[in-house]
Amino acid sequence: QVQLVESGGGLVQAGGSLRLSCAASGRTSSTYTTGWFRQAPGKEREFVAAISLSGGFKYYADSVKGRFTIFRDNAKNTVYLQMNSLKPEDTAVYYCAARRSIVVVMSSREYDYWGQGTQVTVSS
């Protein structure tokens, strides 16, 4: 079993930055592919970014490319999402998810473990 805990959310003005953290515990957490997803009120959960075990492969949603960066520190069992140039449309609950595979995918259905989410609110 793997437990995921997100932190770092908050309220920020448009153009600002936030760094989200996803701390994993349990079974050899660093061996899992990790992704970030978000869900805004009234909308479906959507893919944001994902990173491979080694950190060598990273994928981003088109809406965040060039603004968000995903990276990981396996020694700390933590994956980060650095969010710059935030926009009001980035407002959502952000979830961290882990997958029992080295294959990086973007579908939320393919992830096995989920955190509780952290709220990000971007004011205009």
Would you say the side chain of [Y] lies within less than 4.5 Å of the side chain of [X], judging by non-hydrogen atoms?
{"X": "L86", "Y": "F68", "value": "yes"}
{"X": "M83", "Y": "L20", "value": "yes"}
{"X": "Y80", "Y": "C22", "value": "no"}
{"X": "R67", "Y": "Y60", "value": "no"}
{"X": "V79", "Y": "W36", "value": "yes"}
{"X": "C96", "Y": "T34", "value": "yes"}

Is it the case that the side chain of [X] and the backbone of [Y] share a donor-acceptor pair, with hydrogens and angles ignored and the cut-off at 3.5 Å?
{"X": "E6", "Y": "Q116", "answer": "yes"}
{"X": "N74", "Y": "L53", "answer": "yes"}
{"X": "T33", "Y": "S101", "answer": "yes"}

With rounding to the nearest 0.5 Å, note down the distance linking [atom1] in [X] to [atom2] in [Y].
{"X": "T69", "Y": "R19", "atom1": "OG1", "atom2": "CZ", "value": "9.5 Å"}
{"X": "Q119", "Y": "L11", "atom1": "CD", "atom2": "CG", "value": "9.5 Å"}
{"X": "R72", "Y": "K58", "atom1": "CZ", "atom2": "NZ", "value": "10.5 Å"}
{"X": "T121", "Y": "D90", "atom1": "OG1", "atom2": "CG", "value": "11.0 Å"}
{"X": "T118", "Y": "L81", "atom1": "OG1", "atom2": "CG", "value": "11.0 Å"}
{"X": "S108", "Y": "R99", "atom1": "OG", "atom2": "CZ", "value": "11.5 Å"}

Which heavy atom of [X] sits nearest a heavy atom of [Y], and at what distance?
{"X": "A92", "Y": "A40", "answer": "CB-N, 3.8 Å"}
{"X": "A24", "Y": "V2", "answer": "CB-CG1, 4.4 Å"}
{"X": "G117", "Y": "V93", "answer": "CA-CG1, 3.9 Å"}

Please confirm whether F37 and Y111 have ring centers closer than 6.0 angstrom. yes
Applying side-chain hydrogen bond (donor to acceptor under 3.5 Å, both in side chains) to R27 and Y32, what does each step give before you reach the verdict? CA-CA 10 Å; R27 295 180 56 191; Y32 295 88; 4.8 Å; no
Would K65 and D62 pass as an ion pair if we require N to O under 4.0 Å? yes
Show, in sequence, the C-alpha distance, side-chain angles and deciding distance for R38 and Y94, and conclude whether the side-chain hydrogen bond (donor to acceptor under 3.5 Å, both in side chains) test is met. CA-CA 4 Å; R38 66 186 182 187; Y94 283 71; 2.9 Å; yes
Would a hydrophobic clustering, with Ile, Leu, Val, Met, Phe, Trp and Tyr connected at side-chain separations under 4.5 Å, put V120 with I70? yes
